[in-house]
Amino acid sequence: MSELEQAPQVVEPYPLSTLRHSVAHLMASAVAKLFPGVKFGFGPSIEHGFYYDFDLAEPLSDKDLKRIEKEMRRIAKQSPELVCHEVSRDEARQRLVGQDYKLEALDLIPADEKITFFQHGDWQDLCEGPHIDRLDREFYFKLQHTAGAYWRGDEHNPMLQRIYGTAFWSEAELERHLAWLEEVRLRDHRKVGVDMDLFSSHAEAGSGFVFWHPDLGVVRRELEEFWWELHTKDGYKPVYTPHVARESLFAVSGHLENYADMMYAPMAIDEMPYRVKPMNCPGHILIYKNRGRSYRELPIRWAELGSVYRYERSGTVHGMLRVRGFTQDDAHIFCTPEQLPKEIAGVCALVDKILTTFGFEYTAYLATRPADKTIGDVEVWDRATQALRDAAAIQGLPLVLDEGGGAFYGPKIDYKIKDALGREWQNSTIQCDFNLPERFDLTYVDSDGAKKRPIMVHRAILGSMERFVGVLIEHFGGKFPFWCAPTQVAVIPIREEHADYCATLADRLTREPFRCDFMAEPVHMNKKIKEAQHRQVPFMLIAGEREQEDGTVAVRRRGTREQVVMPFEDFLELARRLKQTRALGLD
RNA sequence: GCUGCUGUAGCUCAGUGGUAGAGCACUUCCUUGGUAAGGAAGAGGUCAUGGGUUCAAGCCCCAUCAGCAGCUCCA
């Protein structure tokens, strides 16, 4: 949790989740009052507040939210006591006449569990509680927005109207939460992307396709360089594979059978069906299969920044975070069963190195065999899952279980990273695969001369360039670390007669090379400072008479107003160190 | 895909049936300024696209495209 989002310091008589659940009830009672005939769905507390689902004839508007809030305050004053009644199943049924969803919820309660209602005033709700005792206690709430939500989260069910809200014990905490939401809004990569001219998408090109502008291209190139540097050290070699392949390849891989929903329709080339690739693995497999392989070659580690295209439903595309064409930082490791734990452990170490460079904390999840649409025997899955467990143990990496969350060809370790605002994102994944080697009949010749089956590890660390960079924009709020900032240094002369001195500074910086913007235009210095600030340039070097005489620069760090005058050579040393160490800060 | 909402200048937005607007950004001229907006003038719009209603549509209706808040699903 970030500073803005800390848990309450004072000990309250009830947990926050209990308060929020009760406020959800309060909201539902207000809706009942204002919209006779409403049917109620579920209304739980959630991470940052609560919601309640309603089946209403008319769509709700923001105006309605204000009315509902007002009614809530009235009801809280008028009927503050929240009481619990335990009733028989028959009585419950009578109390819920006409409430179709609640009756369905009642049927979900096991026979041996008690059935309780919570009531304030003349409104009651089937609910196991717990709740706060009185609605006239001191607390602060706000209704936030409405949205559609399927009954019980199933898209085959009717859609209900959901109202989201939040509640806190103190006004200060509510204010802090609202400030946090404002910060989230300000850092939104779509907003920052426009402000800083980083990327765009176009109706002309279709939904879900990202165009990287030059400044974000710089960021991406820096990440790629960093990525290749570490991968080369870890023995990965680059491969490149085409974006399109004959459909039959994806029949062999099992994609047509299990992944067709995500794939684009075939295109005919020489009257033969071809597909745009949704994954890179079949391509790497073809390279492996191109000739016989010896155990002496293993493990083989092949990496590719491979672009893939997947159909995402229209309502799900979101900026750079959820798109239809993206580049995975993909790699496949082909190894023997004996090598597997060490290989996976090596990937875990690489993940740690990369994620911590950006200042991310992370949690690792073990995603096991899905209930349907899988290939391979259960024993094979068990072996693969155990190998992931063993590798994590080697690394001392704790795993949280994600039952049924695996890919169709194997179990995986998924990483969730936590950004500067305390939000979680899923990027890195390590997948253990015994099945594709089987389907493609991959072999190597072992020391005893026998042909044996290798194991494949699929892994992506950034996940996709698009999603990772989108998260980075929000994580840093556009303030990229020095090493990958689009412009690293802005050089600003105080008056035009200092331009020559500044030009020599800019020239030195550019030849280093640093990405340097010599702001030579004959406009007011203040305007340039404002512009550089707006573009989140890490350093401004400002020079006038004093600096020119002393061979110094006035260094202004991003986010501060102070200037530190230092010899230019000292600044060069600082910049070199920040670049070389890929430091997060500017000191 | 589904529910609701939105689409007017590069950006943020005003404009509820009768001559397309503001601030910022941009261009030009003036200003020579020591750390976040000096002054003046100018340019910029097929009001998302297509159809319909109307004497008249940015505004009302329909469709399409794109976006937003969610649901579902995911790197």
Side-chain angles (χ1 to χ4, degrees), chain A residues 41 51 53 55-56 58-62 64 144-164 188 190-191 194-197 200-208 259 261-262 278-280 306-308 310-330 405 407 412 414-415 425-429 431 458-471 492-499 522-534 540-547 554-556 560-563 565:
Chain A
Y51 67 78
D53 288 341
D55 187 350
L56 287 161
E58 294 295 314
L60 289 166
S61 69
D62 287 353
D64 293 320
Q144 293 165 297
H145 51 260
T146 60
Y150 300 109
W151 165 238
R152 297 181 62 195
D154 185 332
E155 62 181 310
H156 303 294
N157 285 339
M159 183 157 285
L160 308 178
Q161 295 192 60
R162 176 171 294 180
I163 301 177
Y164 284 92
D188 189 307
R190 294 163 301 180
K191 178 179 164 55
V194 171
D195 287 349
M196 291 178 66
D197 190 15
S200 55
S201 62
H202 303 270
E204 299 94 309
S207 177
Y259 209 72
D261 293 351
M262 300 292 286
M279 292 188 193
N280 300 303
S307 298
V308 297
R310 299 182 185 173
Y311 173 71
E312 295 286 352
R313 302 210 284 181
S314 59
T316 64
V317 300
H318 183 92
M320 302 187 80
L321 299 180
R322 187 79 180 270
V323 294
R324 287 173 168 171
F326 54 97
T327 301
Q328 294 182 303
D329 67 316
D330 212 352
K412 55 186 184 174
D414 280 338
Y415 286 75
W425 306 93
Q426 208 253 294
N427 289 75
S428 316
T429 182
Q431 310 177 349
H458 310 241
R459 37 114 299 177
I461 296 175
L462 307 177
S464 77
M465 302 311 290
E466 284 75 7
R467 180 174 288 182
F468 192 80
V469 169
V471 170
I492 301 173
I494 287 175
R495 277 201 309 280
E496 229 170 329
E497 57 258 40
H498 312 126
V523 296
H524 201 288
M525 178 185 70
N526 285 346
K527 205 171 172 180
K528 296 181 197 173
I529 290 170
K530 191 196 137 210
E531 192 196 322
Q533 199 91 330
H534 182 74
M540 290 180 228
L541 300 190
I542 301 171
E545 259 142 58
R546 300 200 290 268
E547 289 76 12
V555 178
R556 189 173 152 145
T560 72
R561 308 175 71 138
E562 304 119 57
Q563 311 107 49
V565 178

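So you know, we letter chains A, B, ... as the sequences are listed, proteins then strands, and number each from 1. Keep in mind that the numbers below use all heavy atoms, side chains included, and drop hydrogens, waters and symmetry copies.
Going from atom NZ of A/Lys527 over to atom P of B/G39 covers 10 Å, rounded to whole Å. At whole-Å resolution of the value, CG in A/Asp53 and C1' in B/U72 are 14 Å apart. Separating the CD atom of A/Glu58 from the P atom of B/C5 is a distance of 10 Å, rounded to the nearest angstrom. Protein atom CD of A/Glu531 is 17 Å distant from nucleotide atom C1' of B/G38, rounded to whole Å. Put simply, CZ on A/Arg162 is 16 Å from P on B/U3, counting in whole angstrom units. The nearest whole Å value for the distance from the CG atom in A/Asp64 to the C1' atom in B/G4 is 12 Å. Counting to the nearest Å, the P atom of B/G67 and the CG atom of A/Leu321 are 14 Å from each other. Taking atom CG on A/Leu541 and atom C1' on B/U35, their separation rounds to 13 Å, with Å as the unit.
With a cut-off of 3.5 Å on both Watson-Crick or G-U wobble distances, the partner of B/G1 is given as B/C71. The partner of B/A25 is absent, by the rule that a Watson-Crick or G-U pair needs both atom distances under 3.5 Å. Base pairing annotation: B/G7 forms a Watson-Crick or G-U wobble pair with B/C65, both donor-acceptor distances under 3.5 Å. The partner of B/A43 is absent, by the rule that a Watson-Crick or G-U pair needs both atom distances under 3.5 Å. Both distances falling under 3.5 Å, in either a Watson-Crick or a G-U wobble arrangement, occur for no nucleotide opposite B/A37. Both distances falling under 3.5 Å, in either a Watson-Crick or a G-U wobble arrangement, place B/C55 opposite B/G18.
Relative to the side chain of A/Ala554, the nucleotides B/U35, B/A36, B/A69 differ in distance, and B/U35 lies closest. Ranking B/A69, B/C74, B/U35 by closeness to the A/Ala147 side chain, first place goes to B/A69. The side chain of A/Asn427 approaches B/A75 more closely than any other nucleotide in the set B/U35, B/A75, B/U32. Side chain of A/Pro59, nearest nucleotide from B/G4, B/G33, B/A75: B/G4. Listed nucleotides: B/A36, B/G33, B/A69. Nearest to the side chain of A/Ile529: B/A36. Among the nucleotides B/G1, B/A75, B/G70, the one closest to any side-chain atom of A/Ser464 is B/A75. Relative to the side chain of A/Arg556, the nucleotides B/A36, B/A69, B/U72 differ in distance, and B/A36 lies closest.
Contacts between residues 151-160 of chain A and RNA chain B, defined by a heavy-atom separation under 4.0 Å, are made by A/Gly153, A/Glu155, A/Met159.
Between A/His524 and A/Thr429, the residue whose closest nucleotide on RNA chain B is further toward the 5' end is A/His524. Between A/Pro522 and A/Gly319, the residue whose closest nucleotide on RNA chain B is further toward the 5' end is A/Pro522.
If you check distances only, the side chain of A/Tyr150 does reach the base of B/G1 with a donor-acceptor pair under 3.5 Å.
At least one side-chain nitrogen or oxygen of A/Gln426 sits closer than 4.0 Å to the OP1 or OP2 atom of B/A75. Phosphate proximity of B/G1 to A/Thr316: absent, as no side-chain N or O sits under 4.0 Å from OP1 or OP2. Contact annotation: A/Arg546 side-chain N/O to B/G34 OP1/OP2 distance is not under 4.0 Å. For A/Arg313 and B/C2, the shortest distance from a side-chain N or O to OP1 or OP2 is not below 4.0 Å.
Screening residues 149-158 of chain A for salt bridge (Lys or Arg N to Asp or Glu O under 4.0 Å), with sequence neighbours left out, gives A/Glu104-A/Arg152, A/Glu155-A/Arg313.
Partners of A/Ala147 by side chain to side chain contact (heavy atoms under 4.5 Å, CB included), not counting sequence neighbours, listed by chain and number: A/Tyr164.
For the P atom pair drawn from B/G15 and B/C60, the interatomic distance equals 12 Å after rounding to whole Å.
No aromatic stack links A/Tyr164 and the base of B/G70, using centre distance under 5.5 Å and interplanar angle under 30°.
When all heavy atoms are compared, the tightest approach of A/Ile494 to A/Ile542 is CG1-CG2, 3.7 Å.
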